[in-house]
Amino acid sequence: MRAVAETAVEAAVRDLEGRTLAHLQGELTRLVYLSSTRDYNTGEYQHEGLAQRFGEQAAQLALAQCHEAAFQDLLNSSLSSLVAHLATYIDSTGADREKVLNSWRQLQAYRVLIPGTCDDLSADLFITNIKIALEALGSGAAPHREH
């Protein structure tokens with residue numbers, strides 16, 4: 001990837017945060033969205049609107065940066081906060097909570113939420129925390145909502 005002006009990446013990040021991420025409720029919802037913009041075959045991020053406004057490379061870098069930031073925020077959050085973010089995310093899908101919990105337990109789809117630049121220890125911690133949050137939420141533990 002050739003050099004991209006830092007200001008273009010910063011502008012793309014601000015645009016992404018203001019136009020899209022600000023409208024998504026909860027850090028886990030944002031993490032799911034950001035990871036969905038990544039091509040799982042190549043690891044490259046794709047967002048047509050950002051690419052048109054700021055260039056493909058700036059868009060990729062902005063998405064990667066926001067993905068990493070959302071991941072780090074969740075990684076560093078308390079377990080009760082993670083349970084609350086998980087509940088918020090599941091509620092936002094409109095799907096039956098038990099079905100989502102069972103699917104996440106079985107398929108472990110949360111593994112695709114981890115950025116490609118993540119170290120093994122952080123990835124393992126995230127996976128463990130998600131598994132605990134799934135069990136806590138599935139046991140009927142009421143999540144503590146943090147704003």
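- Side-chain contact between Arg38 and Leu63: absent, with no pair of heavy atoms (C-beta onward) separated by less than 4.5 Å.
- Between Leu16 and Phe54, the closest side-chain pair of non-hydrogen atoms is not below 4.5 Å.
- Between the His67 side chain and the Leu34 main chain, no donor and acceptor come within less than 3.5 Å of each other.
- One finds the OH atom of Tyr33 at 14.0 Å from the OG atom of Ser92 (value rounded to the nearest 0.5 Å).
- Atom CG in Asp91 sits 5.0 Å away from atom CZ in Arg97 (nearest 0.5 Å).
- Contact annotation: the side chain of Leu28 never approaches that of Thr88 to less than 4.5 Å [non-hydrogen atoms, C-beta and beyond].
- For the side-chain contact (heavy atoms from CB on, under 4.5 Å) with Leu134, the lone residue among Leu101, Val100, Asn102 that qualifies is Leu101.
- Residue-environment remark: CG (Asn76) exceeds the threshold of 12 foreign heavy atoms within 6.0 Å.
- With hydrogens and angles disregarded, a donor-acceptor distance shorter than 3.5 Å links the side chain of Thr128 to the backbone of Asp124.
- Taking both residues in full, the closest heavy atoms of Leu50 and His47 are given as N-ND1, 3.0 Å, listed atom of the first, atom of the second, then distance.
- The number of heavy atoms from other shown groups lying within 6.0 Å of CD (Gln72) is above 12.
- Ala12 approaches Ala62 most closely through the heavy-atom pair CB-CB, 3.6 Å.
- Closest non-hydrogen pair, Arg30 versus Leu21, comes out as CD-O, 3.4 Å.
- The two residues Arg105 and Gln108 make their nearest non-hydrogen contact at O-CG, 3.6 Å.
- Atoms CG and CG, from Leu31 and Leu24 in turn, are 11.0 Å apart once rounded to the nearest 0.5 Å.
- For the pair Arg14 and Glu17, the salt-bridge criterion is not met [side-chain N within less than 4.0 Å of a carboxylate O].
- The backbone N or O of Asp15 lies less than 3.5 Å from no partner atom in the side chain of Arg19, so there is not a single donor-acceptor pair.
- Within the 4.5 Å cutoff, the side chain of Ile114 has heavy atoms near those of the Ile127 side chain.
- The distance from atom CG of Asn129 to atom CG of Leu79, rounded to the nearest 0.5 Å, is 6.0 Å.
- Between atom OG1 of residue Thr29 and atom NE2 of residue His23 there is a gap of 14.0 Å, rounded to the nearest 0.5 Å.
- Within the 4.5 Å cutoff, the side chain of Gln52 has heavy atoms near those of the Glu48 side chain.
- Shortest non-hydrogen contact noted between Leu113 and Ser35 is CD2-OG, 3.1 Å.
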* Please walk me through it: do Leu86 and Tyr110 pass side-chain contact (heavy atoms from CB on, under 4.5 Å)? -> CA-CA 11 Å; Leu86 181 60; Tyr110 48 82; over 6 Å; no

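- Contact between Ser139 and Ala136 at its shortest, heavy atoms only, is OG-O, 2.8 Å.
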* Asked: After noting the C-alpha distance and the side-chain angles of Thr117 and Glu68, does the key distance pass the side chain to side chain donor-acceptor pair (under 3.5 Å) rule?
  -> CA-CA 8 Å; Thr117 57; Glu68 180 68 33; 2.9 Å; yes

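- Note: Glu27 CD to His85 NE2 = 6.0 Å, rounded to the nearest 0.5 Å.
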